[in-house]
Amino acid sequence: DIKIIKIAKNESRVILTRDKDYIVLTQFPKYQVPIIVIRLINQTNAQHIANKTLEFIKNNKESVIFNSLTIIKEEKADSYSYL
């Protein structure tokens, strides 16, 4: 997980994952990179995951996406700003 965070930081990328371990890692400032954690009821339906993720991206500013940990759930997406 830490290797992926370092790559994301170096390449200015957003991590999209179903792994909730990333939520804990972001409590440490050096691991605060843009992360979207998928926590849906059905974690295996790729189309549903894509639809929920695209809905979040379309409805949020780039500054929110690139400066926070976001957790996408069935009912809503919560973003926790690093700033």
Side-chain angles (χ1 to χ4, degrees):
D1 295 345
I2 293 170
K3 186 176 182 179
I4 292 170
I5 287 173
K6 288 179 181 178
I7 292 168
K9 188 173 269 192
N10 290 337
E11 297 182 6
S12 299
R13 297 192 181 257
V14 177
I15 296 172
L16 177 62
T17 184
R18 294 179 293 183
D19 184 348
K20 60 185 175 187
D21 291 343
Y22 284 90
I23 297 169
V24 175
L25 286 171
T26 60
Q27 293 176 12
F28 301 96
K30 68 180 181 178
Y31 299 133
Q32 292 179 346
V33 297
I35 299 176
I36 299 173
V37 180
I38 307 297
R39 301 303 304 155
L40 299 171
I41 293 169
N42 183 344
Q43 293 280 94
T44 59
N45 184 327
Q47 188 60 54
H48 184 58
I49 291 170
N51 290 343
K52 288 289 189 179
T53 304
L54 288 173
E55 179 183 327
F56 167 74
I57 291 169
K58 287 179 185 177
N59 293 321
N60 287 276
K61 295 179 181 179
E62 191 174 299
S63 61
V64 171
I65 296 167
F66 281 95
N67 294 299
S68 55
L69 161 70
T70 298
I71 302 172
I72 296 178
K73 302 176 208 161
E74 292 295 340
E75 62 281 355
K76 64 179 179 168
D78 293 316
S79 294
Y80 303 93
S81 176
Y82 296 135
L83 304 176

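In this structure, Ile57 is a member of the same hydrophobic cluster as Leu40, with clusters built from ILVMFWY side-chain heavy atoms closer than 4.5 Å. Leu16 and Val14 end up in the same hydrophobic cluster when Ile, Leu, Val, Met, Phe, Trp and Tyr side chains are linked at under 4.5 Å. Linking ILVMFWY residues whenever their side-chain heavy atoms come closer than 4.5 Å, directly or via other members, leaves Ile36 and Ile15 in distinct clusters. Phe28 and Val33 fall within the same hydrophobic cluster, defined by Ile, Leu, Val, Met, Phe, Trp and Tyr side-chain heavy atoms under 4.5 Å apart, directly or through other members.
Lys20 is linked by a side chain to side chain contact (heavy atoms under 4.5 Å, CB included) to Ile23, Arg39, counting only residues two or more places apart in sequence or in another chain.
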Can I get a per-line list of side-chain donor-acceptor pairs under 3.5 Å for residues 2-11, giving both atom names and the distance, sequence neighbours left out?
from, atom 1, to, atom 2, distance (Å)
Lys9, NZ, Lys30, O, 2.7
Asn10, ND2, Lys6, O, 3.3
Glu11, OE1, Arg13, NE, 2.7

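Taking each heavy atom of Val64 and Asn60 in turn, the nearest pair found is CG1-OD1, 4.2 Å. For the pair Phe66 and Pro34, the tightest heavy-atom approach, listed with the atom from each and the gap, is O-CG, 3.4 Å.
With values rounded to the nearest 0.5 angstrom, Leu69 atom CG is found 4.5 Å from Thr26 atom OG1. With values rounded to the nearest 0.5 angstrom, Ser79 atom OG is found 8.0 Å from Ile65 atom CD1. We find the CD1-NZ distance between Ile38 and Lys73 to be 12.5 Å, quoted to the nearest 0.5 Å. Between the CD atom in Glu62 and the CG atom in Asn67 there is a gap of 9.5 Å [rounded to 0.5 Å].
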Run the numbers on Ile71 and Tyr80 for side-chain contact (heavy atoms from CB on, under 4.5 Å), then give the verdict.
-> CA-CA 8 Å; Ile71 302 172; Tyr80 303 93; 3.9 Å; yes
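Between the side chain of Ser68 and the backbone N or O of Thr70 there is no donor-acceptor pair closer than 3.5 Å. Tyr82 places no side-chain N or O within 3.5 Å of a backbone atom of Pro29 that could act as its donor or acceptor partner.
For Leu54, the CG atom sits in a packed shell: over 12 heavy atoms of surrounding residues, nucleotides or ligands are nearer than 6.0 Å.
Identified under the side-chain hydrogen bond (donor to acceptor under 3.5 Å, both in side chains) test for residues 41-58, with sequence neighbours left out: Asn42-Thr44, Gln47-Asn51, His48-Glu74.
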